[in-house]
Amino acid sequence: MTNHLFDLTGRVAIVTGGNGGIGLGMARGLAAAGAAIVVVGRNEAKSNAVVAQLTQGGAKAIAISADVTDKAAVDAMIARTQSEFGGIDILVNNAGINIRKPPHELALAEWDSVIKTNLTSAFLCSQAAYPAMKTAGGGKIINIGSMMSIFGASFAPAYAASKGGIVQFTRACAVAWAPDNIQCNAILPGWIDTELTQNARREVDGLHDKVLARTPSARWGIADDFAGIAVFLASRASDFVTGTAIPVDGGFSVQG
Ligand code: NDP
């Protein structure tokens, strides 16, 4: 009974940015629970390597190269998923970037690039996936926010705006699509050891130790910390959970 609640056999999951970092941690979790995985990213070699890893583990998986800021590419990615796997049950909007500068130094083009990659992409992918989910009688959308959905940081004006926006976008979709049995939730990762934060640690003095000092669990997170929450939010276990923003942060956001 318990296993059945989390069983994703026969489900199809798209994970944008699934070729590395947190996206890969979620893709591995979803695949282990039985879902077929569509790995989406721009770097074809990285995506193909992940597909090889997932299929070696017994999962069905394909890679689709797409820039998620490009509406035509997103529409083609959705169409190809449907033709390969016959539907879309789970969409994980995870692709993201940061450009670390204070607000007075950030160029408009940099602002646009971060907002498009982190926020507009979630709109494009969700809107494109919606008809298939509606027709199938339901679906699960998981958007990736951040501690910057809650807190500010001097070096992340566009990033924080995009991640705050993700939470509100999640709530809007949750309300709009509840009648279609589509649950939309956000995950707010704490500080996780990935390529993104390896760069941050190079660029922001003292970041590594500041994070450790503030995190009650006394460690940086790892990509595999996201397997369980992804399976929960993608499965029948979360059918009455919608519009939430769940921190996965080792207690970072509740530290007084
Ligand atoms: P990584 O840099 O390791 O991964 C980012 C992923 O996004 C890559 O797979 C990349 O693939 C993909 N991507 C970026 N731009 C595009 C694009 N235009 N089109 C398609 N894919 C794209 O970062 P993380 O794993 O750390 O981050 C994943 C998510 O988690 C992001 O949304 C990030 O903001 C969020 N997050 C991360 C935290 C952390 O501490 N690491 C904390 C809070 C939130 P490719 O290069 O092949 O396109």
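One is the number of the first residue; the rest follow in order along the sequence. We count ligands from 1, going down the list as the structure has it; atoms in each ligand are counted the same way.
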Fill in: Pair D193 + R201: basic N to acidic O under 4.0 Å
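Salt bridge: yes.
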Worksheet item: Any chance the side chains of T16 and N93 put a donor and an acceptor closer than 3.5 Å?
Response: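 The answer is no; no qualifying pair exists.
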Discussion item. Side chains of T55 and K60 only: does a donor on one sit below 3.5 Å from an acceptor on the other?
Written reply: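 Side-chain D/A pair, T55 to K60: absent.
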Any [X] heavy atom less than 4.0 Å from ligand 1:
X    : value
G25  : no
K116 : no
T16  : no
N118 : no

Worksheet entry | Qualifying residues under salt bridge (charged side-chain N to carboxylate O under 4.0 Å, His left out), relative to D180, sequence neighbours excluded |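 Expected list: K134.
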Nearest protein heavy atom to [atom], by residue and atom, and its distance?
atom                    : answer
atom 19 (N) of ligand 1 : V68 N, 3.0 Å
atom 30 (O) of ligand 1 : I144 CG2, 3.4 Å
atom 5 (C) of ligand 1  : G96 O, 3.7 Å
atom 38 (C) of ligand 1 : I22 CD1, 3.8 Å
atom 22 (C) of ligand 1 : A95 CB, 3.6 Å
atom 44 (C) of ligand 1 : G145 O, 3.2 Å

Discussion item. Whether R214 engages the ring of W191 as a cation-pi pair (distance to the six-membered ring centre under 6.0 angstrom, angle to the ring normal within 45°) should be assessed.
Written reply: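 Checked: cation-pi criterion not met.
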With atoms numbered from 1 as shown, which atoms in ligand 1 lie under 4.0 angstrom from a non-hydrogen atom of [X]?
X    : result
Y159 : 33 (C), 34 (O), 35 (C), 36 (N), 43 (C), 44 (C)
D67  : 17 (C), 18 (N), 19 (N)
N94  : 28 (C), 29 (C), 30 (O), 31 (C), 32 (O)
W191 : 40 (O)

Worksheet item: Nearest non-hydrogen atom to atom 20 (C) of ligand 1 belongs to which of C125, A66, S65, G17?
Response: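 Answer by nearest heavy atom: A66.
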Worksheet entry | Nearest option to atom 17 (C) of ligand 1, as decided by whichever heavy atom of M26, R42, K163 sits closest |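 The option holding the nearest heavy atom is R42.
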Worksheet item: Picking from N118, I97, N98, what satisfies side-chain contact (heavy atoms from CB on, under 4.5 Å) with S162?
Response: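 Exactly one candidate clears the test, N118.
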Item to complete: Look at the rings of F151 and F252 and say which category their plane angle falls in: under 30° parallel, 30 to 60° tilted, over 60° perpendicular.
Response: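 The arrangement is perpendicular - the two ring planes meet at more than 60°.
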Worksheet item: Do the ring planes of F232 and F6 sit parallel (below 30°), tilted (30 to 60°) or perpendicular (above 60°)?
Response: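 Tilted: the ring planes of F232 and F6 meet at 30° to 60°.
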Answer side chain, backbone, both or neither: which part of [X] comes under 4.0 Å from ligand 1, heavy atoms only.
X    : value
T197 : side chain
I192 : both
T194 : side chain

Discussion item. Can you pull out every salt bridge (charged side-chain N to carboxylate O under 4.0 Å, His left out) where at least one residue sits in residues 77-95? Sequence neighbours excluded, please.
Written reply: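 Residue pairs passing salt bridge (charged side-chain N to carboxylate O under 4.0 Å, His left out), neighbours aside: R80-E84.
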Fill in: Verdict with supporting geometry, L8 and L30, side-chain contact (heavy atoms from CB on, under 4.5 Å)
CA-CA 7 Å; L8 299 179; L30 296 170; 3.6 Å; yes
